[in-house]
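In what follows, a structure is listed as structure tokens, so that the remarks can point back to it.
In listed order, ligands and their atoms are each counted from 1. If you read the sequence from its start, that first residue is 1, and numbering goes on from there. If you're wondering where the values come from, they're calculated on a predicted model, not measured in any experiment.
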Amino acid sequence: MKNIKDTIQKKNGHLKEKVLQFGEGNFLRAFVDWMIDEANDERHFDGSVVIVQPIERGMVDRINDQNGMYTLIMRGLENGEKTEKVKAITSVSRGINPFEDYEGYMAMAESGDLQVIVSNTTEAGISYVEGDKLEDPLPKAFPAKICKFLYHRYKHFDGDKERGILLLPVELIDNNGGELERIVKQYASEWNLEPAFITWLDEACSFANTLVDRIVTGYPRDEVEAYSEKFGYEDNLMVTSEVFNLWVIEADKKYAQMFPIQKTSANVIWTDDARPYKKRKVRILNGAHTSTVLSAYLSGFDFVGQFIEDADYNTYLKALIFDEIIPTIDLPDDELKAFADAVFERFGNPFIKHRLLDISLNSVSKFTARCLPSLLDYKAEKGVLPVRMTYALAALLKFYDVKEEEEGFFGVRENGEKYPVKDDRKNLQFFEKIWQEKDITILVERILANKDLWYQDLTEVEGLKEAVTTHLHNILTLGTKEMLKSL
Ligand SMILES: NC(=O)c1ccc[n+]([C@@H]2O[C@H](COP(=O)([O-])OP(=O)(O)OC[C@H]3O[C@@H](n4cnc5c(N)ncnc54)[C@H](O)[C@@H]3O)[C@@H](O)[C@H]2O)c1
Ligand SMILES: O=P(O)(O)OC[C@@H](O)[C@@H](O)[C@H](O)[C@H](O)CO
């Protein structure tokens, strides 16, 4: 069977390369590149995307093998009706591996066509790494790479304010644009770059805070053959997602003219304040994922859709969202409830097979960022601890009862199956060691006291140690699901 590149005509081959994208993962390809594809189809943008691989191991070769093209399959319910929309995405002009083609990568800094930089380097990407230098061809930290790239551009164009860049990081951390800007400036100061460069960053560039929302389930492993048959071509980069999409961008409205993706059917909001949207989404949708999937996986489920169908998990999740998370968010009640109802519908999407093990990746930092704020706010407001959220923390501890083997760290679920646990190696080593402790009270105390995990000593939260110890004890004796039913 022929490949997509030999079957589909690249309709936008003539476009100017206006966007540089750090990250070649499923999410960006099913979200940003799709929006740009729509904007090109409707002749609002006329720009293509150059994808840069942010870390040494990646897949830009595979992207180039397909001439940047791939198929996006969007599936879901619209007004209760099942819907499937298929689109061959042709907005990506090419991929660059900067570890192999440094010149090609830096040439982009000199491009007069370039207007926008998008990034998704996971929650780990926007961070400071000590020791990165301007002389390093590719500094390790992503913000250091950006600082060097922008400095090169600034020098090349002699500080021309017309050559600034709109930066749109989509990493799911608080204040993503602000953080990227802060660390870029930290490197600029450490590297003694001239003050005029900082002025250029301030006046010609914009680091926008953004919030993204779309469930992207990636390569449809089990359905690839059927889809290839249907499309009449082979595509190694097929990606599946839900139909729902939302991109909230906090930036000056002038940028909406330059990058007019809101003119398409994509759901894009340009705003002065993205924080309420972010809080609502991260606490309700991502918080619900992280507080449920570990327990559900231990109980024997593999996909989100399965636990939504289960009466006990459904009841647990409703109470968790409506009684424990929503009261901690300061937004109109009807808006929050509408969003939560939509999340239930999205989790129950009959087409979406969202693997619990995929969602479980890096659950410690996810719990800290996505669940802990709700738990602590609830305690502060009501004076008592939220029972389901504390249960979720106990389930996390059980999920991280791991042992290291040659291929990584593994836990064992209640049906005896082994499962991989993926997280920071230091965290996993800590959990392996601590689980040798047989006294549950001591075990919980040591885990909650570890500030490297939670950025604070959780034993200082009144009653938390006791609540988690009781839940964990019951999980170990009654079983994860039996314990959940009793909440
Ligand atoms: N899949 C979704 O439903 C979804 C939705 C919204 C946001 N996201 C966010 O997108 C991120 C990636 O998800 P995906 O589905 O594209 O995964 P993926 O595995 O397909 O892609 C991961 C991407 O992250 C990059 N990356 C990994 N580690 C990095 C590091 N240390 N520094 C810099 N870059 C790094 C990789 O190069 C790759 O481009 C997740 O962290 C998630 O928070 C995902
Ligand atoms: O993608 P992660 O691994 O950061 O988190 C897992 C899910 O919670 C996440 O992918 C959601 O599906 C997504 O954030 C929806 O917009």
Side-chain angles (χ1 to χ4, degrees), residues 21-34 49 51-63 70 72 74 76 92 95-99 118-129 138-146 169-174 176 180 210-219 237-248 267 277-278 280-294 303-305 339 342-343 346-347 349 352-371 422-425:
Q21 173 175 303
F22 286 83
E24 75 283 46
N26 288 312
F27 179 72
L28 285 175
R29 288 188 295 108
F31 186 80
V32 175
D33 301 335
W34 162 72
V49 182
I51 295 184
V52 177
Q53 192 174 297
I55 47 178
E56 263 181 287
R57 285 186 57 177
M59 46 191 260
V60 294
D61 287 347
R62 280 162 61 194
I63 289 173
Y70 57 92
L72 171 63
M74 297 164 279
V92 175
I96 300 179
N97 178 351
F99 299 89
V118 180
S119 70
N120 194 9
T121 57
T122 77
E123 275 146 325
I126 303 189
S127 51
Y128 173 82
V129 175
L138 282 171
K140 286 198 183 61
F142 169 63
K145 288 191 185 81
I146 291 292
V170 308
E171 289 81 353
L172 274 183
I173 57 164
D174 270 350
N176 45 19
L180 180 60
T210 84
L211 179 268
V212 291
D213 194 2
R214 169 171 262 188
I215 296 174
V216 174
T217 34
Y219 188 65
L237 294 169
M238 249 180 237
V239 53
T240 56
S241 75
E242 62 180 336
V243 178
F244 177 94
N245 64 91
L246 172 65
W247 194 359
V248 181
N267 194 9
Y277 296 99
K278 181 162 267 173
R280 184 182 72 172
K281 189 255 176 171
V282 171
R283 288 201 184 193
I284 297 180
L285 188 151
N286 300 107
H289 265 161
T290 301
S291 328
T292 313
V293 299
L294 306 178
F303 299 100
V304 172
F339 184 80
V343 164
R346 292 167 66 195
F347 283 3
N349 182 341
I352 288 280
K353 289 186 94 181
H354 205 176
R355 282 175 195 280
L356 303 186
L357 278 185
D358 287 348
I359 299 173
S360 75
L361 169 80
N362 294 332
S363 281
V364 169
S365 61
K366 284 180 186 166
F367 192 89
T368 306
R370 304 173 181 188
C371 306
K422 298 200 173 134
D423 205 309
D424 189 270
R425 187 174 165 72

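- Backbone and side-chain nitrogen or oxygen atoms of G125 are examined, and none is located within less than 3.5 angstrom of a nitrogen or oxygen of ligand 1.
- M238 has its side chain out of reach of Y70: every pair of non-hydrogen atoms, C-beta onward, lies at least 4.5 Å apart.
- Atom 7 (C) of ligand 2 has its closest protein heavy atom at H289 ND1, 3.2 Å.
- Closer than 4.0 Å to atom 24 (O) of ligand 1 lies at least one heavy atom of the protein.
- Proximity of L172 to R370: side-chain heavy atoms (C-beta onward) are separated by under 4.5 Å at one or more points.
- Residue R214 touches ligand 1 through its backbone alone, judged by heavy-atom distances below 4.0 Å.
- Regarding atom 16 (O) of ligand 1, its nearest protein heavy-atom neighbour is F27 N, 2.8 Å.
- Scanning the protein for heavy atoms near atom 3 (O) of ligand 1, the closest one is V216 N, 2.8 Å.
- Close contacts of ligand 2 with I215, meaning ligand atoms under 4.0 Å from a residue heavy atom, involve 12 (O), 15 (C).
- For the pair R346/L285, a side-chain contact is recorded, criterion being any heavy-atom separation below 4.5 Å from C-beta on.
- Residue S119 comes nearest to F142 through the heavy atom pair CB-CZ, 3.3 Å, listed as atom of the first residue, atom of the second, then distance.
- Among all protein heavy atoms, the one lying closest to atom 10 (O) of ligand 2 is H354 CE1, 4.3 Å.
- Residue I215 has at least one heavy-atom neighbour below 4.0 Å for each of these atoms of ligand 1: 3 (O).
- Nearest protein neighbour of atom 31 (N) of ligand 1, counting heavy atoms only, is A124 CB, 4.1 Å.
- The protein non-hydrogen atom at the shortest distance from atom 32 (N) of ligand 1 is T121 O, 3.6 Å.
- Nearest heavy-atom pair, I352 versus E242, reported as atom, atom and distance to 0.1 Å: CD1-N, 3.6 Å.
- Considering backbone and side-chain N/O of K281, none are found under 3.5 Å from N/O of ligand 1.
- For the pair K422 (side chain) and N362 (backbone), a donor-acceptor distance under 3.5 Å is absent.
- Residue A141 comes nearest to S127 through the heavy atom pair CB-O, 3.4 Å, listed as atom of the first residue, atom of the second, then distance.
- Formation of a donor-acceptor pair under 3.5 Å by the T240 side chain with backbone atoms of G218 is found in this model.
- Remark: side-chain polar atoms of K278 are paired, donor with acceptor, to backbone N or O of T210 under 3.5 angstrom.
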Criterion ring pair (Phe, Tyr, Trp, His ring centres under 6.0 Å) on H289 and F347, from CA distance to verdict: CA-CA 9 Å; H289 265 161; F347 283 3; 4.5 Å; yes
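- Atoms of ligand 2 found under 4.0 Å from any heavy atom of L285 (numbered from 1 in listed order, with element): 11 (C), 15 (C).
- Looking at R370 against ligand 2, only its side chain comes within 4.0 Å, counting heavy atoms.
- Taking every heavy atom of both residues into account, L28 and G23 meet most closely at CD1-O, 3.5 Å.
- Among all non-hydrogen protein atoms, the one lying nearest atom 22 (C) of ligand 1 is G25 CA, 4.3 Å.
- A pairwise comparison of heavy atoms in Q53 and F99 identifies O-CE1, 3.8 Å as the closest pair.
- Within the 4.0 angstrom cut-off, atom 29 (C) of ligand 1 has one or more protein heavy-atom neighbours.
- Considering both main-chain and side-chain atoms, E24 comes within under 3.5 Å of ligand 1 through a nitrogen or oxygen pair.
- There is a side-chain donor-acceptor pair under 3.5 Å between N26 and R29.
- Of the possible polar contacts, none joining the K366 side chain to the N286 backbone as a donor-acceptor pair under 3.5 Å is found.
- Ranking the protein heavy atoms by distance from atom 3 (O) of ligand 2 puts K366 NZ, 2.6 Å first.
- Annotation: cation-pi pair R214/F31 absent, no NZ/CZ under 6.0 Å from the ring centroid and within 45° of its normal.
- Close approach to I55 involves these atoms of ligand 1, each under 4.0 Å from a residue heavy atom: 26 (N), 27 (C), 28 (N), 29 (C), 30 (C), 32 (N), 33 (C), 35 (C), 37 (O).
- Taking both residues in full, the closest heavy atoms of P98 and L138 are given as O-CD1, 3.3 Å, listed atom of the first, atom of the second, then distance.
- Using a 4.0 Å cut-off to heavy atoms of L172, the atoms of ligand 1 that qualify are 43 (O).
- Between T290, N286, L172, D358, it is N286 that holds the heavy atom closest to atom 9 (C) of ligand 2.
- With hydrogens left out, the protein atom closest to atom 14 (O) of ligand 2 is K281 NZ, 2.7 Å, a heavy atom.
- In this structure, CG in L361 is found 7.5 Å from CG in D423, a value given to the nearest 0.5 Å.
- Considering both main-chain and side-chain atoms, G23 never comes within under 3.5 Å of ligand 1 through any nitrogen or oxygen pair.
- The N120 neighbourhood of ligand 1 comprises atoms 9 (C), 10 (O), 11 (C), 12 (C), 24 (O), with distances under 4.0 Å to a heavy atom of that residue.
- Distance from atom 16 (O) of ligand 2 to its nearest protein heavy atom, with residue and atom name: D213 OD1, 2.7 Å.
- Within a 4.0 Å radius of atom 5 (O) of ligand 2, the protein contributes at least one heavy atom.
- Residue T122 touches ligand 1 through backbone and side chain together, judged by heavy-atom distances below 4.0 Å.
- There is a protein heavy atom less than 4.0 angstrom from atom 11 (C) of ligand 1.
- What sits closest to atom 17 (O) of ligand 1 on the protein, heavy atoms only, is N26 N, 4.5 Å.
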